[in-house]
Amino acid sequence: MWLTLCIFLYVSFNCISAASDLRSGTCLLRGHFDLNGLYKDGDFILGGLFEVHFFTVFPELSFRTEPESPYCEIFNMEGFQHAQTMAFAIDEINKNPNLLPNITLGYHLYDNCVMLGMAFRAAISLASGTEESFSNLNCTGPPPMVGIVGDASSTPSIAISSVLGLFRVPIVSHYATCSCLSDRKKYPSFFRTIPSDAFQVRAMIQILIHFGWTWVGLLYSDDDYGVYAAQAFQQEMQLFGYCVAFSEILPHDNNLRDIQRIMGVIQSSTARVVIVFAPSSFFIPLMEEVVLQNMTGRQWIASEAWATSLESHTPRFLPFLRGTLGIAIRRGEIQRLHDFLLHVHPSSDPRNNMLRIFWENMFECSFETGAKETDGEQVKKVCTGQEDLIITNTPYTDVSGLRASYNVYKAVYALAHALHDLMQCEEGRGPFSGNRCADITNLKPWQLVHYLQKVNFTTGFGDHVSFDKNGDALAIYDVLNWQPNSDESIRIYTVGVVNEVTETGMVLTLDEDAIYWNFQTKKPPRSVCSESCPSGTRRATRKGFPVCCFDCLPCGEGEISNTTDAVECIVCPDEFWSNMDKDKCVPKDVEFLSYEDPLGISLTTASLLGACFCALVLVVFAHHRNTPIVRANNSELSFLLLVSLKLCFLCVLLFIGRPQLWTCQLRHAVFGISFVLCISSILVKTMVVIAVFKSSRPEGKGAMKWFGAAQQRCTVLVLTALQVVICAVWLSTASPTPHKNNQYIRSKIVYECAIGSVAGFSMLLGYIGLLAAVSFLLAFLARNLPDNFNEAKFITFSMLIFCAVWIAFVPAYVSSPGKYAVAVEIFAILASSFGLLVAIFAPKCYIILLHPERNTKNAIMGRETHKK
């Protein structure tokens with residue numbers, strides 16, 4: 001009850017007080033935050049937010065009294081250098097007659113103490129101003145400040161831009177890199193002179209690609225900077241087919257149990273490269289555990305948040321962090337900055353208390369003379385303000401590697417150039433509605449944002465400064481390498497540059513010879529889940545593992561891969577085949593029965609021997625043409641049979657050698673006609689034997705009258721003419737042609753003659769088979785004739801061989817691949833031809849050459865008489 005009454009009275013009093021203030025026409029400042037700052041008055045004020053202290057200490061909240069203001073601890077010399085760089089840039093601009101002439105810039109710089117709450121307090125103080133009272137209720141005239149440089153961290157920048165962006169207050173950060181700040185819908189007035197994390201991530205990916213590190217670990221801080229950077233990094237890794245072996249969050253509270261767990265993950269992983277997106281305040285506790293457990297053998301990759309951080313350059317970290325590669329913002333040089341920093345002096349103005357705090361920390365003294373402040377057990381000396389900064393050697397006075405300070409310098413000049421362009425506007429040609437210009441006496445923040453978006457200038461160091469449509473600066477990074485010094489300290493060397501090029505994207509230039517590697521081999525480590533698959537193999541992802549973990553399987557027959565880590569093997573074209581290493585397609589071996597082939601030589605030799613035997617028998621028969629055994633049974637048919645057999649032997653030569661159109665057309669035609677001529681001669685000889693036997697009987701004396709020499713020649717001619725017709729029709733309708741066959745043997749091209757028409761080829765063989773069957777049947781029926789006419793027995797035996805060979809030919813031909821099918825056909829031709837030659841002519845040659853006494857008419861007739 002009493003509590004409710006007190007609240008009611010307090011609110012009523014405030015309302016009455018506010019009403020009285022409004023009636024008086026004056027707004028009074030209800031209170032102000034206790035902030036560390038630097039001030040300088042001017043026509044236009046620029047605000048600044050910097051990390052001058054590392055930690056914020058909040059007092060205990062009792063909820064009974066008004067809480068005390070939080071205070072900051074552990075002075076950051078490097079952060080104070082950033083603040084002084086802004087003061088120097090404004091001083092330099094004020095002295096420049098060509099930039100903002102007749103205008104004096106001032107500044108209000110605050111310490112954010114690396115805490116969101118403090119940064120937000122400072123930003124609100126900048127936006128509302130610090131005047132105790134304000135009587136201009138129409139809000140005309142320039143705003144309390146025209147733009148803010150800062151904040152250095154992403155999380156405060158997000159919060160501040162979310163609020164001040166509603167009023168389009170221009171904010172130019174020098175160190176906030178979160179890619180989320182590129183969202184123009186959420187942060188319409190946010191700019192930065194440092195590239196976004198999206199560019200930083202792509203720059204890191206270029207380093208991984210350069211060294212072939214496809215399997216890496218990822219550590220990131222538990223804040224907006226780390227979370228967004230890790231998310232972008234993992235997305236980019238997936239695009240390039242690379243893998244994150246582990247991903248761990250560095251705890252905000254430095255919990256020892258979490259850090260030890262992360263150490264276990266790092267040690268158990270096979271990844272030798274560890275990426276860290278975190279400020280040094282998150283990373284140092286992990287390094288303390290690394291030192292404690294003596295973990296070596298890791299290649300650390302530093303983000304820009306700690307790549308140049310001096311807090312990590314301690315001797316106890318040297319054995320573990322030397323060789324570290326890092327991405328850092330572009331280093332620059334600022335003329336006369338060093339002299340400016342050395343001529344800073346403390347001020348008695350309470351608004352410039354940041355100078356007093358700096359002086360006390362630099363010289364370890366105190367301006368408080370009434371109290372004895374101690375630092376442990378040692379009593380601090382009293383500061384005089386006359387101490388000499390020249391003799392000091394701290395990060396504050398070190399201007400050899402200006403990175404964040406250089407970005408502060410560019411941010412201040414960007415705001416100054418935007419304000420200068422705004423003031424140069426000619427009335428009637430302005431960019432705003434009605435071609436109006438901004439009113440310098442009543443400047444609106446959004447008007448300055450318009451000019452800031454179009455700012456374009458070059459610094460004295462030669463770097464081009466402009467912003468893209470998202471407010472991001474041009475992406476350019478230095479690649480750093482931490483190398484040991486002789487005094488057991490770490491020195492940072494620039495070993496490369498990464499540029500964002502519009503046409504080709506990120507371009508990495510690296511001096512590998514200048515890189516120090518913290519490994520025994522003094523070479524880059526290997527960090528892959530699986531070694532690259534060589535040419536001739538393909539990658540097969542292991543089930544349940546990332547895509548970087550795979551097995552290498554050899555390409556199949558007829559397939560190749562000519563690159564490393566091929567995902568699929570390439571099938572060779574039809575006329576090509578893979579080599580032994582499966583990395584190149586080579587022309588397939590063309591297979592055909594050639595004259596150089598041992599099999600071809602053997603068959604050619606057999607063919608020529610057969611032709612020679614035929615010629616030899618022909619000579620013998622011609623020499624003994626008047627003897628009874630030659631004249632018996634029509635010697636003309638014997639000569640015709642020998643000629644046809646010779647043609648059968650010689651037609652084999654058409655089957656050997658590289659198939660050509662004319663050989664393909666002739667081989668089967670010559671083969672078919674020769675064999676028909678041969679079989680028809682044998683058929684007629686068989687018919688003559690039967691006719692002679694019948695004419696020897698009384699009832700058949702006139703048989704030979706109807707089957708004389710003319711009829712015999714005519715029969716052979718007609719039978720052969722039928723085969724000629726079959727061949728002519730076949731060749732004219734579907735002629736055999738050379739054909740490259742890939743079906744028999746995939747690794748070879750079988751060069752063969754395609755028969756063209758199966759029906760034509762079947763009729764050719766079928767006709768030969770019909771004549772052979774009729775000849776065999778007639779000879780078989782005449783096998784028991786008297787000895788005088790026993791040639792029928794030899795014909796029967798020859799036909800038996802002929803039919804057996806060609807019956808066996810069919811399955812052997814079908815089952816034989818490639819050139820062996822041709823060899824089977826040749827063998828059948830030779831076997832049947834030799835069978836006919838030997839079976840029919842060998843007995844006669846035996847009598848003619850070895851027993852000429854039996855080659856007489858009396859001997860033949862005598863045998864018959866003896867039997868009678």
Side-chain angles (χ1 to χ4, degrees), residues 36-42 46-54 72 74-96 104-114 149-150 152 174-175 193-194 308-311 313 328-349 351-365 367 383-413 415-416 459-461 463 491-492:
N36 301 324
L38 289 174
Y39 292 84
K40 181 179 180 180
D41 292 328
L46 298 181
L49 302 175
F50 300 98
E51 297 175 345
V52 182
H53 283 86
F54 281 116
C72 305
I74 307 180
F75 196 83
N76 179 11
M77 291 292 178
E78 192 174 359
F80 186 70
Q81 185 197 71
H82 301 166
Q84 286 297 320
T85 301
M86 180 170 177
F88 167 78
I90 290 177
D91 184 66
E92 190 177 62
I93 291 169
N94 289 336
K95 295 177 181 178
N96 187 349
T104 301
L105 292 180
Y107 55 78
H108 290 177
L109 311 182
Y110 288 119
D111 179 9
N112 66 12
C113 303
V114 197
V149 175
H174 59 283
Y175 223 61
T193 53
I194 184 172
T308 58
S309 173
L310 300 178
E311 289 78 19
H313 294 190
I329 54 178
R330 180 72 165 163
R331 184 187 68 84
E333 293 182 5
I334 304 176
Q335 299 294 329
R336 298 179 298 280
L337 174 62
H338 188 253
D339 292 339
F340 180 86
L341 296 176
L342 294 178
H343 289 84
V344 169
H345 290 283
S347 171
S348 59
D349 187 344
R351 297 186 305 173
N352 285 319
N353 64 332
M354 194 185 296
L355 280 172
R356 295 170 62 88
I357 296 171
F358 158 72
W359 206 264
E360 291 177 342
N361 281 273
M362 175 63 78
F363 296 104
E364 297 181 353
C365 60
F367 284 102
C383 297
T384 64
Q386 301 302 317
E387 290 83 359
D388 191 359
L389 284 172
I390 297 177
I391 64 174
T392 61
N393 183 19
T394 65
Y396 169 73
T397 57
D398 182 10
V399 295
S400 60
L402 297 177
R403 299 184 187 277
S405 296
Y406 186 51
N407 277 358
V408 172
Y409 183 79
K410 291 190 290 186
V412 174
Y413 265 87
L415 287 169
T459 67
F461 186 60
D463 285 341
R491 185 174 180 181
I492 299 177

(message) Please tell me whether E92 and Y413 have a donor and an acceptor in their side chains that are separated by less than 3.5 angstrom.
(response) yes
(request) Look at the side chain of T397 and the backbone N and O of N393, then say whether any donor-acceptor pair between them is shorter than 3.5 Å. (result) no
(message) Give me the atom names and distance for the closest heavy-atom approach of G37 to Y110.
(response) CA-CD2, 4.2 Å
(request) Could you tell me which non-hydrogen atom of P346 sits nearest to which non-hydrogen atom of L355, and how far apart they are? (result) CA-CB, 4.1 Å
(message) Using modelled atom types and a 3.5 Å cut-off, is there a donor and acceptor pairing between side-chain atoms of Q81 and backbone atoms of L402?
(response) no
(request) Nearest 0.5 Å please: distance from the OG1 atom of T193 over to the OH atom of Y406. (result) 10.0 Å
(request) Using the side chain to side chain contact (heavy atoms under 4.5 Å, CB included) rule, take W359 and L389 through it: C-alpha gap first, then chi angles, then the decisive distance, then the call. (result) CA-CA 9 Å; W359 206 264; L389 284 172; 3.9 Å; yes
(request) Find the distance between CZ (R351) and NZ (K40) and round it off to the nearest 0.5 Å. (result) 12.5 Å
(message) Over 60° means perpendicular and under 30° means parallel, so tell me whether Y409 and F88 are parallel, tilted or perpendicular.
(response) parallel
(message) Just verifying a value: how many Å separate N36 CG and I357 CD1, rounded to the nearest 0.5 Å?
(response) 3.5 Å
(message) Parallel, tilted or perpendicular: which one describes the rings of H174 and F50, with boundaries at 30° and 60°?
(response) tilted
(message) For G401, is there any backbone N or O sitting under 3.5 Å from a side-chain donor or acceptor partner on R331?
(response) no
(request) Start with the C-alpha gap between F363 and F358, add the side-chain angles, then the distance that decides, and say whether ring pair (Phe, Tyr, Trp, His ring centres under 6.0 Å) holds. (result) CA-CA 9 Å; F363 296 104; F358 158 72; 7.5 Å; no
(request) Quick one: pull up NE2 in H82 and CG in L49 and give me the separation to the nearest 0.5 Å. (result) 14.0 Å
(request) Kindly determine whether F461 and I334 satisfy side chain to side chain contact (heavy atoms under 4.5 Å, CB included), including the steps that lead there. (result) CA-CA 7 Å; F461 186 60; I334 304 176; over 6 Å; no
(message) Tell me whether Y396 contacts the main-chain N or O of L341 through its side chain, where contact means a donor paired with an acceptor under 3.5 Å.
(response) yes
(request) Check for a donor-acceptor pair, side chain of D463 on one end and backbone N or O of T459 on the other, with a separation under 3.5 Å. (result) no
(request) Over all heavy atoms of both residues, which pair between T104 and D41 is shortest? Give the atoms and the distance, please. (result) CG2-O, 4.5 Å
(request) Locate the shortest heavy-atom distance separating D339 from H343; write the atom from each residue and the value. (result) O-ND1, 2.6 Å
(request) Could you tell me which non-hydrogen atom of V52 sits nearest to which non-hydrogen atom of D111, and how far apart they are? (result) N-OD1, 3.0 Å
(request) Taking all non-hydrogen atoms of both residues into account, name the closest pair between I390 and D388 and its distance. (result) N-OD1, 3.0 Å
(request) Could you grab the distance from atom CD of Q84 to atom CG of L342, nearest 0.5 Å is fine? (result) 11.0 Å
(message) To the nearest 0.5 Å, what is the distance between SG on C383 and CD on E364?
(response) 10.0 Å
(message) Strictly distance-based, threshold 3.5 Å: is any side-chain N or O of N76 a donor or acceptor partner for the main-chain N or O of E51?
(response) yes
(message) Please check: side-chain N/O of T392 versus main-chain N/O of T394, any donor-acceptor pairing under 3.5 Å?
(response) no
(message) Taking side-chain contact (heavy atoms from CB on, under 4.5 Å) as the definition, give me every residue that meets it alongside T384, ordered by chain and number, with sequence neighbours left out.
(response) Q386, E387
